[in-house]
Structures are given as structure tokens and as C-alpha cells.
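So the structure is just underneath, and the comments pick up after that.
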Amino acid sequence: MFASKGKRLLQGLLVLLVISMAAAGCSSNTTEKSSAAGDPQATKTITMAWPRDIGPMNPHLYNPSQLLAQSMIYEPLVSYQDGKLVPALAESWTLSQDGKVYTFKIRSNVKFSDGTAFTAQLVKKNMDAVLHNKKLHTWLGVIPLIEKTEALDDTTFRLTLTESYYPALYDLAVVRPVRFLGEAGFPEDGDTSKGIRSPIGTGPWVLSEYKKDESATFTPNPYYWGDKPKVDKVVVKVIPDAQTRVLSFEKGDLDLIYGEGLISYDAYKELESSGKYVTKLSEPVATRNLVLNTMNAKLADLKVRQALSMGFNKEAMVEGVTLGLEEKADNILPPNLPYTNIKVSPVKYDVEQANALLDEAGWKLPSGVGVREKHGQQLELELMYDKADQTMKAMAETLQAEWAGIGVNLKITGVELTVYIQRRKANEFDMNFYSTFGAPYDPHSFMTAVVQPGYGVSDTLAALPMKAEIDKKIKAGMATTDDNARTGLFSSVLTTLQEQSSILPISYIKQMAVYRDNVTEFKFPSNRDEYPLQGTKKN
Amino acid sequence: MGIYIGKRVLAIIPILLFSSLLMFVMIRVGPVDPAEAYLAAAHIQPDDEVLAAKRHEFGLDQPLLTQYVQSVGRLLRLDFGHSYLSNMPVWGEVAQKLPATLQLASASIVLALVVSIPLGVLAAIYKNRLVDHVIRVFAYIGACVPVFWIGYLLMFFISVKLEWLPVEGRGSVQHLILPSITLALWLIAIYARLLRTTVLEELKEAYVRYARARGIKERVILYKYVLRIAIAPLITGLGINLGKLLTGAIIVEQVFSWPGFGRYFIEAIINRDIPVIQCYVMLSVCVIAGSNLIADLLQLFLDPRIARKGRASQG
């Protein structure tokens, strides 16, 4: 009896295994590999991977709605392309002399994906929904300045600001929160901060199939006013693990890997060296800077800052840590952004000169001790970094070793992201990494950070003798409607900041793309948050 | 037996209370302020006004004791709050993701038992012979190699090179095979070794000698008597290992893009989504305490001597 029981137990287990496998089979309602490269039956589909689910696709909110989906479904009034603002849902616009009133001529042939017309009234409705939750959006400079929104007729929208603010149009070009949802997408009370009914936009794509946490399929919007997408489908698979993304791509399940930090530097290099795929790096999208806090008495001395700046081999560090996938930076902001193309003389790696500067500043190296001293105090500094960021960590370790060579004792502290934000806000650090935002946010977002406390830049510059003057120039540059005047003012600010060595440029961050050779006409978008899917073809 | 079961069930309550207190304290003394964590997850600049409003909304401006009592009250109602990230009720999201995790975990357990029982018995029968050595080396490797690495290896060879199975995702039987093998492998390693040892021990017992003397066939002795007793520790082991299975599932779900609870938890950690983390920890405590209880009861059924011992100790 017992023997048969044992046997029955085993049989039972086997049956359970089969049932659970079968259950898995029954729940299947997706077709795998529909888009795999080389399948002649397949419609023209581009399959790509994303680390997270695309989210509720609310155009007016942030996480967990993903920029990827928001930029495919919704459109801005004006679009940022190659450093310039070009018409999008607004055909044209005018600005009043005092720089406060923008009047937009709305494109008249635009329809939402449900076939309803896009009108100035809907521009107002969306804008008001955003303003209803102003507090959420104050990080975007134009939002707190909006005084009035008006739909003058079906195709004329007027935006009145409380003061002149040149980046207003750049702010309207960002992916969120000022993009436009169709009438049927609004909840009953119109408050989109609590959710939307459905993602109805004017953009080139519509969401046609969605499996939360698994995949999202986009097809062309039949009512799209602009150039039609060149493929029939875009499938976005949710693959949270970077290595799995690479293996999935190698197997042929993905056609394209695109984005920042989506795969490791090593994996990119490996795919590149295989020679089987197309690998591309974008133009610089942002600068990774090191911020030296002038409120620290030691770092208040220009000579110390300059010594630190020339006391490490930047080129070797960037090459070593990022395998050359970031590029050594000489400018605080990438020179391919508006108003940032200033000539700077690159800081040369010069240990002798660095030592001499520290000597001049009074920091002497006592014999037998590795750390410089002044008035009995050691030259000891702390560099704080986000401990989840491996690139920052590796760079911090390199700096520690490099500066030890010139008698500086660098302590490196990896902290939790929230602690990092708290300490940065309270200006409680000697040094810290600071990455600029990229297009279309910069240079004005960087300039705001220089003027306003709390972003980890302004407070660190407070001890500069010309800080007040810098602030004045930035404010004037933000308000003027004269482009030449602004170019002059911003150039002057950036030049001064470069000379003061309180913000040390390290590297230019770039976007990576890896794709199969049947994917063509791929182009990196100018807007850092947008995705290059509209013009991309598949053969 | 009823009293024994009743006592064991009641013992879970202080464990849950203690866990909830521990978690409450850890969140309050930790460097992460829940209100700031919320704003960071939502990508909102944490200015003082918004922070104060959020602290009030979360009840963080209340005395600590009030906060704790309220949080226990909510837990009792299975109200784990709203996710900072999605703004949806955590329990609803968890309930949505649990089936995928349960499917993966049950497939792995079944696979582990189906494979490890014959392996363990074979290793015991062929003690110190080639079959035994091979099984022991396999068990050794299975127990030592990190789960995620096994996952990548399987993906690379089975999916990318041989193209037999999909790399990732959920939806068909094929999708289930590699993740459940990955998750089951270390269980197989542990159980095969455990079973080998217990079978060998049982074979030395007097009742086996007696059965042999009566001329009963070896096969019958093995299946009729030995295996029934040798399997009991395996079930206890399963109860204890269920917690580890949960942690293993987190990694496997991440590696194979399996849309389950574990992956939801990882995302919560990355985003400091405290309500989700809280829910995961509490559920894990329940699962571990519950599975230990079930394992004990099953053992009671398989080996009634335990209940007798229990009764004896009660006087």
C-alpha cells in the first residue's frame, strides 16, 4: 500500500507539473517572434525593449508614464530640432514686444486619433488641466509664470505670462506636461492629475495592443497630419534586465536597442565588435560635471580648485570608466545647444602645475606625510555620489587615486538617492556630480540652477566674488527678447564659470543605439526625451 | 492534535506584529523620508510646501504611536496603501501580479520534487558509484552557482545558440521552462543531497534488516518503507525553503522578464516605493510562517510519532 502511495505521489506531482505548464499555455494570447528579423511573413514591425511598463500614458503626469510612450502618442505646440524651435501643432506664433504674450496659430488640419478635431479650445483645456496642478509642475520655468490662457477662435491660442521669459517656447517643446489629450480622454471632472480615460493624442502612433508589464504595440495613427510612420508596427517589450535585453537582441527578438543606460558599456562594445550589427553614438546630449563647493573654506580658494582641475587625467578617466562611450568634455554645457558655443581653453593634465598651485595656496606637503597641510589642518575633502550609479562610483574612485598623487585626501561617500537629494538641497557636501539636462531644457535649466538655490549648483557658487553679477546677467538673459543680447550675456556667464573652476566638466553623455542592418534611416532625435521611431524604416 | 494546530496558528500573530513593528521602526529611523521618497518616485522637485503637504497626507506629522497603531489597523484590513509610483492600491496591483509568481513558484517546486526524488534515491542506491558521483557533482554545482548566472547561461545556450526556447517573457509553456528550471535548480541540488542522506540512514535501521530477513525484496523495502519516511524531511525542507524560493523568484523574474510579484518588488526598491516594500515584506512573513506550519502538519500526517511526542510533552 505504501509503495503504491509513493508511486501515486510521484504521479501526482507529474500531473501537477503538466497542469501548470498547460495553464501557462492557456493564458497565452500573444504570438511570439511575430516581428523577428528575417521573417518574410511579418508586417514591417520594429521590436524594441524598454525596462518598464509604459504606464498610464497620461500626457500631463510623470512616472510611471514613460516618456517613450508619451512622445509617441502626444505632440507639443512647438518642437525642438537641431537647436531650433520649429512648428508642430502650432503653425506659427508671434510674441508681443514686452515678451509676455504669445499668440499661436493652431494647425487646422489636425485630428486626434479618435477622429475629432484639434482646436485652440482643446489647447486651452489641456493647458488649464496642467495649471490646475501647478505645484506639480513648478520645476518647468514657464508654468509658474502663466497668467492667462485664451482660445480666441478655433485656431488661435493666446498665452499671457506675468513676465518676459525667453525659454517659454523651449518649455512647451518638452515631452511632459504640456502636451495634448483629446476631449474623450479627459475624466469627467477634467482633473487629469487623477488619471485619464484613454490615451488619445494627435501624435503619429496609437496604442493598439497592451499587456501591462509585458508589451505594448503601437500602430500608425490613421488621422496623423504629418509624415506617416514608415513601419506598420512598433512593439515595445518590457525587459527590465539589461543583460536579458542584449541576449534577446542577439537571438533576434529585438530589432533595436536605443536609449541611455539601457545596456552596459561592455555589452555595447561587445555587440559593436561582433561586426553583425549597426552601433551608433549620438552627439553629446548633456555634460557630466563635477561641482566643487566654494562654501567650503578650502575650496573657496581659486588656486585649489584649479589645482584639482588639472590634477587628474580626465581623458584617461573617461576612456577607462566609460570605455570611450562618453567623450572628454571641456565645456560645462555641450556646445551644440543654443547659446552655448563658447571657446574655452581645455584644462591640461599637469601634476607639476597642480602641485605648484597648491604650494602657492599655502597647502604644503610635510615630509613623510602623504597629505598636504595648512595651519595644522589637512587637505581633506569629501565627494558624494549616488551609490546606485556605477559610473559615478568608478569616477569617484579614480579621482581619489589621482588626487592622492597631489597630496589631497579625498573621501568618497556613496549615498541613497533620497539622501543624495536631501544633502544636495541643503548644500551639505564638498563635491558632487552634476549632469546637465540636455535639449530642450538647456541652457536655461542650467542657468536657473545657477541662480536658484536647491538644485545643487547656486549654493555651491555662493562664495564666488562675482556671484551677484552672474545672477544679474542670467536674469537679464532670461527676460530679454533680443537674441544677440542673450548670446552675449550667457557667453559671459559661461566663460566666468569656466574660469572659476567651481564646475569642472568631465564628459559628454551620449545616447547609444544598436540595431540590425535591416533597420534603416535611423536618426537620433534632437530632443533628449523623444524617440527616433517615426522616420525609421525596416527592410 | 487540535490544540497543537491551534497553538501553532496563534503563534503566527506575535510574529506578524513583531515584523510590522520592526518594519515600522526601520522605515522611520532609516535615511529615507517616505514623503521625499514619494516625490522622488514621482519626479517632483521636493520643495518645503509640497513636502509638508505630503507628510500630512501620509500622517507622518502624527505621534509615532498613533502612526504605528494606524498602520497595524490598515494592515489588518489588508490595506497596504497606494503605490507612490503608480498611485494605485498596492493590494490590487499585488493581486494582479501574484498569479504569475505562483505559477512560476509552483512549477519550480513540482519540477524540483519530480527531479530530486529519483536523483536522491538513485544516489543512495548507487552509493559511491559513478551515478552517485555524477549526481553529487551536479548537486554541488546547483547549490553554489548564483541563480541569475544559471539563468543567463540557460538563455545563452538554450535560447540564443540553440534557439529552442524564448529568451524572456510569459505567455506559453515554452516561456515557463527556463525560468522554472533556473528557480528549481538549487532546490533540486538541496533535496537530492538531503534525500540521499536520509535514504542511506533509513536503510541502516532495524526495520529494514528485519524486512530483509523476512525475505522482502529490496525494491519493495525501498518504496514501501524507506521512501515514505525519507520524504518527510523533504517536506519540512520545502517549508523552510519557501522563503528562499521567494527571493529566488525575485531574481528569476527580473532576469526572464516574468511579470510577477518579484519584479514589482525590485521596481519598488529602485523607486523607494515604501508601501509596496511593506506589502512584500508582510506577505513574505505570512508565506514563510504559513508554509512552515503546513510543512509541520504534513509531517504530522506522514509521521504520526511527532503528534505523539507533542501529546507526551503536554503531559
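This one's a predicted model, so the numbers in the text were calculated from it and none came from an experiment.
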Q | Pairwise side-chain contact, K212(A) with Q96(B), heavy-atom cut-off 4.5 Å (strictly under) | A | yes
Q.
Using side-chain contact (heavy atoms from CB on, under 4.5 Å), reason through Y152(B) and V246(A) one step at a time and then give a plain yes or no.
A. CA-CA 11 Å; Y152(B) 291 145; V246(A) 175; over 6 Å; no
Q: Could you tell me which non-hydrogen atom of P64(A) sits nearest to which non-hydrogen atom of S86(B), and how far apart they are?
A: CG-CA, 3.7 Å
Q: For the pair T244(A) (side chain) and V255(B) (backbone), establish whether a donor and an acceptor sit closer than 3.5 Å, ignoring hydrogens and angles.
A: yes
Q. So does K134(A) have more than 12 non-hydrogen atoms from other groups sitting under 6.0 Å from NZ?
A. yes
Q: Sort K97(B) into side chain, backbone, both or neither according to what part of it lies under 4.5 angstrom from a heavy atom of chain A.
A: side chain
Q: May I ask you to check whether over 12 heavy atoms, not counting those of Y210(B), lie within 6.0 Å of atom OH?
A: no
Q: Grab the two heavy atoms, one from V160(B) and one from E250(A), that are nearest each other, plus how far apart they are.
A: CG1-CB, 4.2 Å
Q: Evaluate the side-chain contact (heavy atoms from CB on, under 4.5 Å) criterion for residues K237(A) and E168(B): first the C-alpha distance (whole Å), next the side-chain angles of each, then the deciding distance (0.1 Å), finally the verdict.
A: CA-CA 10 Å; K237(A) 283 185 159 193; E168(B) 49 73 44; 3.1 Å; yes
Q: Using salt bridge (charged side-chain N to carboxylate O under 4.0 Å, His left out) as the criterion, list what pairs up with E416(A), not counting sequence neighbours.
A: R272(B)
Q: Over all heavy atoms of both residues, which pair between Q254(B) and P240(A) is shortest? Give the atoms and the distance, please.
A: NE2-CB, 3.6 Å
Q.
Using 0.5 Å steps for rounding, measure from the CG atom of L247(A) to the CG atom of L154(B).
A. 11.0 Å
Q | Contact class of Q174(B) relative to chain A, heavy atoms under 4.5 angstrom | A | neither
Q: Inspect the surroundings of CD in E205(B) and state if more than 12 heavy atoms from other residues, nucleotides or ligands are less than 6.0 Å away.
A: yes
**Q.** Candidate list E93(B), R263(B), R170(B), test side-chain contact (heavy atoms from CB on, under 4.5 Å), partner D213(A), passing option
**A.** R263(B)
Q: Under 4.5 Å heavy-atom distance to chain B, tell me which part of V419(A) shows up: side chain, backbone, both or neither.
A: side chain
(Q) Within this structure, what is the NZ-CZ distance for the pair K251(A) and F156(B), rounded to the nearest 0.5 Å? (A) 13.5 Å
